[in-house]
Amino acid sequence: MEKVVVSIGGSILIPDDKDAIFIRKLADLLADVSEKVHMVIVCGGGKIARYYTGTGRELGGSVYDLDMMGIGATRLNAELLRIALGGSAYGAVPLTVDEAAEAFLENRIVVMGGTEPGHTTDAVAAMVAGKTGCERIINATSVDAVYSDDPKKDPNAKRFTKLTIGELDDIVYDEHDAGRSSVFDPLGVKLAMRDRIDILIVSGRDLDEMRNALLGKKIKGTTVISR
Ligand code: UTP
């Protein structure tokens, strides 16, 4: 069976409007596809992480403190998806990459959040993909593809359907310098490059697109080739 890691942004998993309805639809899709693809789903922190890290920062929390709260939020979000998946999911949220790799040996969907301070859940997805020998990472995000510039600010931004991992690496480092949040964590890109894992950037709200990405079919988003 093909092996895939999905990095799903917190704001995708928790749209903040009829959340249970969206999570249920996503879980049904994942359970359906899990007959053909073996998956680890790494959940981001979204609004809940931002609330805690923002409030903690105002109170003088250290970067370590804030990261730990961010991780807590990612794990809470992961619990919601795990609950929605019921028996299709491994019975607990792994806390480390090693725990995830062990859970992955059971033939169920593994759902997790962050691991340790210092990076984001995209990097966790790349670490888990490397450890478990996954072919590709699907980044289920709020943009529908990688662009040369912020498409909200620059209507002429170029939209990419195919990139090499080296090209994505250049783009995320430019974004990082500009203070924009990267389309994929720069550390995650480096790890995927090292381990030759492809990255698909897709709109996580578009469940048809998600299905195609999971099944290795043609997508509308960006395919980043590592090999
Ligand atoms: P996210 O992965 O959601 O971060 O983790 P993000 O990419 O900044 O969020 P979006 O995608 O823009 O919404 C939330 C926070 O939790 C901490 C980091 O502080 C991160 O910003 N975190 C997460 C860790 O320190 N380690 C982890 O393994 C995961």
Side-chain angles (χ1 to χ4, degrees), residues 5-17 19 22-23 26 40-82 92-101 103 110-132 137-147 150-152 168 171-173 175-192 199-205 210 221-222:
V5 176
V6 180
S7 176
I8 182 161
S11 60
I12 299 299
L13 182 62
I14 319 281
D16 208 16
D17 180 33
D19 297 339
F22 178 76
I23 297 171
L26 176 69
V40 179
I41 317 290
V42 186
C43 303
K47 234 186 191 175
I48 298 167
R50 275 195 293 281
Y51 167 76
Y52 279 98
T53 53
T55 309
R57 188 176 296 116
E58 284 180 44
L59 293 169
S62 65
V63 173
Y64 180 91
D65 289 331
L66 305 183
D67 278 353
M68 288 306 288
M69 288 198 294
I71 293 168
T74 64
R75 289 177 177 160
L76 280 174
N77 288 344
E79 285 292 355
L80 287 179
L81 182 59
R82 190 188 65 77
V93 168
L95 305 183
T96 64
V97 171
D98 285 346
E99 276 182 34
V110 177
V111 187
M112 68 188 297
T115 52
E116 70 235 1
H119 48 69
T120 73
T121 46
D122 288 344
V124 173
M127 291 173 199
V128 171
K131 183 94 188 171
T132 54
I137 298 166
I138 297 167
N139 190 32
T141 182
S142 55
V143 291
D144 64 346
V146 181
Y147 289 83
D150 187 344
K152 285 190 205 108
L168 179 66
I171 290 169
V172 295
Y173 274 90
E175 286 174 336
H176 205 61
D177 283 346
R180 273 169 61 194
S181 84
S182 314
V183 66
F184 200 78
D185 184 330
L187 171 63
V189 175
K190 289 276 186 233
L191 294 172
I199 303 175
L200 310 184
I201 312 283
V202 298
S203 165
R205 290 277 159 70
M210 284 290 284
T222 306

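Quick caveat: nothing in here was measured; it's all calculated off a predicted structure. Counting convention: from 1, in listed order, for ligands and their atoms alike.
For atom 5 (O) of ligand 1, the nearest non-hydrogen atom from the set V42, L66, T74, T96 belongs to T74.
Within the 4.5 Å cutoff, side-chain heavy atoms of L26 are placed close to those of I8. Side chains of T53 and D67 form no contact here, defined as non-hydrogen atoms less than 4.5 Å apart.
A49 CB, 4.0 Å is the protein heavy atom nearest to atom 14 (C) of ligand 1. What sits closest to atom 15 (C) of ligand 1 on the protein, heavy atoms only, is G70 CA, 3.9 Å. For atom 6 (P) of ligand 1, the nearest non-hydrogen atom of the protein is T120 CG2, 4.1 Å. The protein non-hydrogen atom at the shortest distance from atom 26 (N) of ligand 1 is E116 O, 2.7 Å. Nearest protein heavy-atom neighbour of atom 11 (O) of ligand 1: G9 CA, 4.9 Å. Among protein heavy atoms, the minimum distance from atom 17 (C) of ligand 1 is reached at D67 O, 3.6 Å.
Using a 4.0 angstrom heavy-atom cutoff, R50 counts as in contact with ligand 1. A heavy-atom separation below 4.0 Å is found between T115 and ligand 1. Under a 4.0 angstrom heavy-atom cut-off, G118 registers as being in contact with ligand 1. Proximity of P117 to ligand 1 is established by a heavy-atom distance of less than 4.0 Å.
Between the side chains of N77 and T74, no donor N or O sits under 3.5 Å from an acceptor N or O.
No donor-acceptor pair under 3.5 Å is formed between the side chain of T121 and the backbone N or O of V124. Although no hydrogens or angles enter the test, the distance criterion places no donor-acceptor pair under 3.5 Å between the side chain of N139 and the main chain of T141. Between the side chain of R75 and the backbone N or O of G114, at least one donor-acceptor pair lies under 3.5 Å. At least one donor-acceptor pair closer than 3.5 Å links the side chain of D185 to the backbone N or O of T120.
Taking only nitrogen or oxygen atoms, main chain and side chain alike, G45 reaches within less than 3.5 Å of ligand 1. Ligand 1 has an N or O atom lying under 3.5 Å from an N or O atom of H119, backbone or side chain.
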Criterion side chain to side chain contact (heavy atoms under 4.5 Å, CB included) on E175 and V146, from CA distance to verdict: CA-CA 11 Å; E175 286 174 336; V146 181; 5.5 Å; no

Full working for side chain to side chain contact (heavy atoms under 4.5 Å, CB included) between I71 and T115: CA-CA 7 Å; I71 293 168; T115 52; over 6 Å; no

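The protein reaches atom 22 (N) of ligand 1 closely, with a heavy atom under 4.0 angstrom from it. Under the 4.0 angstrom criterion, atom 2 (O) of ligand 1 counts as having a protein heavy-atom contact.
Close contacts of ligand 1 with G44, meaning ligand atoms under 4.0 Å from a residue heavy atom, involve 3 (O). The distance from ligand 1 to the heavy atoms of V124 drops below 4.0 Å at these ligand atoms: 28 (O).
Rounding to the nearest 0.5 Å gives a distance of 8.0 Å between CG of L76 and OH of Y52.
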